[in-house]
Amino acid sequence: MALFGKDREHEPRGQRPEAAPPSAPAPREVKMFEREKAQPQETPGTSAFLGKGSRVNGKLAFEGAVRIEGQVEGEIASEDTLTIGESAVLKAKINGTSVVVHGQVTGDIAARSLLELHATAKVVGNISSPRLIVHEGAIFEGQCAMGGAQAGAGKKKKPDFSALLGGQPAEDVPPALQPESTR
């Protein structure tokens with residue numbers, strides 16, 4: 001290996017060896033790059049992928065990360081990240097740890113950790129998640145419930161005002177709002 005062009009000292013001045021013309025890429029490499037352009041990029045570590053032409057009716061359950069680009073009707077349960085691609089059309093009840101939506105979903109979505117709606121997302125249904133990210137351009141029609149463990153468990157326990165009423169348990173009304181005859 002020559003440093004700082006020392007190998008040129010041995011060549012006659014004014015003459016340089018002609019550079020070899022760049023070789024054409026091998027056909028295999030061309031196919032690889034064309035395939036990457038044609039298909040959407042999978043999420044790293046994806047254990048399942050339903051492509052654009054796929055149609056599924058029924059219940060789906062996934063343990064690892066999954067990406068859906070096709071059509072699904074039914075129920076989807078995921079123990080890891082569920083990514084709904086731009087070409088996906090889902091009519092499903094979705095339950096997952098982390099749900100990322102780029103496509104269309106009609107149905108309820110419950111995410112235990114994170115729900116993210118990207119600009120191309122359209123969701124019609126109720127959503128529930130402790131963390132919610134809605135990018136500009138996303139469409140959401142429905143109700144949203146956010147909270148930690150309480151969101152999945154249901155309603156909070158009602159406060160007990162019995163100590164304020166002298167040991168008598170209150171019905172669902174605080175003492176200040178009860179009629180004078182019951183105080």
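Side-chain atoms are counted along with the backbone in the values below, which use heavy atoms only and exclude waters and symmetry mates.
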For residues 49-59, tabulate all N or O donor-acceptor pairs below 3.5 Å that involve a side-chain atom, not counting sequence neighbours.
| residue | atom | partner | partner atom | Å |
| --- | --- | --- | --- | --- |
| Ser54 | OG | Gly51 | O | 2.6 |
| Arg55 | NE | Gln71 | OE1 | 3.0 |

Verdict with reasoning, Ile139 to Val123, per side chain to side chain contact (heavy atoms under 4.5 Å, CB included): CA-CA 6 Å; Ile139 298 170; Val123 176; over 6 Å; no

Contacts of Glu79 that satisfy salt bridge (Lys or Arg N to Asp or Glu O under 4.0 Å) - sequence neighbours left out: Arg112

Taking every non-hydrogen atom, the tightest pair across Ala111 and Pro130: O-CD, 3.3 Å

Heavy-atom closest pair, residues Ala121 and Val101: CB-O, 3.4 Å

Val134 with Val124, same ILVMFWY side-chain cluster at under 4.5 Å: no

Side chain Asn126, main chain Gln143, donor-acceptor under 3.5 Å: yes

Closest heavy-atom pair and its distance - Ser78, Val66: OG-CG1, 4.2 Å

Qualifying ring-ring contact (aromatic ring centres under 6.0 Å, His included) pairs with a residue from residues 61-81, counting only residues at least two apart or across chains: none

Atom pair CG (Leu115) and CD1 (Ile127), whose distance is rounded to the nearest 0.5 Å: 5.0 Å

Between OG1 on residue Thr81 and CZ on residue Arg67, distance to nearest 0.5 Å: 12.0 Å

Residue pairs fulfilling salt bridge (Lys or Arg N to Asp or Glu O under 4.0 Å) with at least one residue in residues 119-129, sequence neighbours excluded: none

Leu60 CG to Ile94 CD1 distance, which is reported to the nearest 0.5 Å: 10.0 Å

Member of Ile68, Ile109, Val100 meeting the side-chain contact (heavy atoms from CB on, under 4.5 Å) criterion with Leu82: Ile68

Shortest non-hydrogen separation from Asp80 to Glu63 and the atoms involved: CB-O, 3.7 Å

Listed once per pair and sorted, the salt bridge (Lys or Arg N to Asp or Glu O under 4.0 Å) pairs that draw on residues 82-92, sequence neighbours left out: none

ILVMFWY cluster membership beyond Leu114 - transitive side-chain contacts under 4.5 angstrom: Ile133

Any pair counted as ring-ring contact (aromatic ring centres under 6.0 Å, His included), so long as it reaches residues 123-142, sequence neighbours left out: His118-His135

Pairwise side-chain hydrogen bond (donor to acceptor under 3.5 Å, both in side chains) hits with a residue in residues 101-110, at least two apart: none

Over 12 foreign heavy atoms within 6.0 Å of CD, Glu75: yes

